[in-house]
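The block underneath contains the structure these notes are about, expressed in structure tokens.
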Amino acid sequence: ELGRRIESAMSDVVTLSASVGTVTKSGTNASGTWSWSLGTSDGPAGPTTVTITANDTHTTRTATFSYSVTNVAPAVSAPADQSATVNASQSFTLGSFGDPGADSPWAVDVDWGDGSAHGSGSVGAAGAIAAQSHTYATAAGSPYTVTVKVTDKDGASGSQTFKVNVSKLSQSIAFGAPTGKTYGDGDFDPGATASSGLGVSYSSSTSSVCTIASGKIHIIGAGLCSVTASQAGNGVYAAASDVTQTFTVAQKGVTVTAAAGQSKVYGDADPALAFTNDAGLAAGVFSGALSRAAGENVGTYAINIGTLS
């Protein structure tokens, strides 16, 4: 607004007019405050020269000034935060915008926040922004900040953001209990698989019976072996629930072989019968003794397991 104070030594009626816009007077005829106003649409426009003419019955005076109308940027209103699932196309509402000027068309740019190509569009009137679809390839950056920018035909822009929470896909582990395992068996693959196709890791809670070596089960004793299969997930898949299997590792059988060439002289007491074993165990771990077939006459007699254990 332009304020001008017009004073007159006389009580003449003073009139003011403007080449552009409207002049409004307050106060008395002789002295008062005059204001100038102009209803404008959105810019850019100008500069425009305005001439104010003051006139009483005796004298005419003029004053000039110039004005410009700047372009007002679109005001964007963000939508509520939204959600999506990784690797699934999702339609997202993008909010709305207002603009005091007739600046059609307005260009819409959508930065999805994941480094992918921006969404784009064109709007012919202020109001709701048309929804757009997007697929998030990973949830690693969730929640993502989405920026919606609206630019008018004169280059002024406004923007707002909202969040997208991206959920990972679920997965499960299939893991059957191993069977038929015996102390002395070689290392073997536990055989668990994840529905995601990701690799499975293992841990043992019975280290006195079995451990994990290079992803395989390594048996170190007889008894119960408990192994847990795990899959921690990645940017696409959430962690799977652990699966634990417990199985029995049987004791290894020992083959005892009587030493060859054992003998005694007729009438002597039987000697302690010697033997070897295929497990390489020390004699002290055995109890009992071998025996032979009954008879005292000169001849050959079979040696039996007897009470040896």
Side-chain angles (χ1 to χ4, degrees), residues 1-4 16-26 33-52 63-167:
E1 295 184 352
L2 170 68
R4 294 285 185 176
L16 270 74
S17 61
S19 59
V20 178
T22 302
V23 176
T24 304
K25 170 183 169 294
S26 63
T33 299
W34 300 72
S35 61
W36 172 85
S37 63
L38 175 68
T40 65
S41 60
D42 194 13
T48 300
T49 299
V50 180
T51 300
I52 304 296
T64 61
F65 65 93
S66 63
Y67 74 92
S68 296
V69 179
T70 59
N71 182 26
V72 178
V76 180
S77 298
D81 292 345
Q82 297 167 65
S83 60
T85 301
V86 70
N87 282 342
S89 179
Q90 174 74 36
S91 177
F92 296 96
T93 58
L94 300 177
S96 60
F97 76 98
D99 195 326
D103 290 337
S104 176
W106 290 267
V108 177
D109 177 87
V110 184
D111 182 349
W112 299 107
D114 60 352
S116 64
H118 289 201
S120 62
S122 180
V123 182
I129 303 171
Q132 294 188 26
S133 294
H134 183 66
T135 299
Y136 284 95
T138 176
S142 181
Y144 292 95
T145 299
V146 179
T147 302
V148 180
K149 182 172 74 172
V150 177
T151 304
D152 65 23
K153 66 178 179 61
D154 298 311
S157 62
S159 64
Q160 283 292 347
T161 63
F162 65 95
K163 299 287 187 181
V164 174
N165 292 286
V166 180
S167 300

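Since this is a predicted model, take the numbers as computed values, not measurements.
By the 4.5 Å heavy-atom criterion applied to side chains, D111 and H118 are counted as neighbours. Annotation: side chain of K163 is in contact with side chain of T145 (closest heavy-atom distance under 4.5 Å).
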Review point. Given F97 and V108, is the side-chain contact (heavy atoms from CB on, under 4.5 Å) satisfied, shown in steps?
Key: CA-CA 10 Å; F97 76 98; V108 177; 5.8 Å; no
Practice item. Assess whether side-chain contact (heavy atoms from CB on, under 4.5 Å) is satisfied between Q160 and V148, documenting all intermediate values. Key: CA-CA 6 Å; Q160 283 292 347; V148 180; 5.8 Å; no
Review point. What do the steps show when you test N71 against D103 for side-chain contact (heavy atoms from CB on, under 4.5 Å), and what is the final call?
Key: CA-CA 9 Å; N71 182 26; D103 290 337; 3.4 Å; yes
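Closest approach of V166 to V86, counting heavy atoms only: CG1-N, 3.6 Å. Looking at every heavy atom in both residues, S157 comes nearest to A73 through O-CB, 3.5 Å. Taking both residues in full, the closest heavy atoms of A102 and K153 are given as O-CE, 3.7 Å, listed atom of the first, atom of the second, then distance. Between G98 and A126, the closest heavy-atom pair is CA-CB, 4.2 Å. In this structure, A156 and P74 approach most closely via the heavy-atom pair O-CD, 3.4 Å. When all heavy atoms of S17 and V23 are compared, the pair lying nearest together is C-CG2, 4.0 Å.
For F162, there are no ring-ring contact (aromatic ring centres under 6.0 Å, His included) partners at least two apart in sequence or on another chain. Remark: Y136 pairs with H134, Y144 by the ring-ring contact (aromatic ring centres under 6.0 Å, His included) rule, at least two apart or across chains.
Here the side chain of W112 pairs no donor or acceptor atom with the backbone of T135 at under 3.5 angstrom. With hydrogens and angles ignored, the 3.5 Å screen pairs a side-chain donor or acceptor of S104 with a backbone N or O of G124. Within the 3.5 Å criterion, the main-chain N or O of T93 finds a donor-acceptor partner in the side chain of Q82.
Rounding to the nearest 0.5 Å gives a distance of 5.5 Å between CG of D152 and CG of D99. From I129, atom CD1 reaches atom NZ of K149 across 13.0 Å, with rounding to the nearest 0.5 Å. Taking CG from D81 and OG1 from T161, the interatomic distance works out to 8.5 Å, rounded to the nearest 0.5 Å. Annotation: the span from S19 atom OG to I52 atom CD1 amounts to 6.5 Å, rounded to 0.5 Å. For the atom pair OH (Y67) and CG (L38), the distance works out to 4.5 Å, reported to the nearest 0.5 Å.
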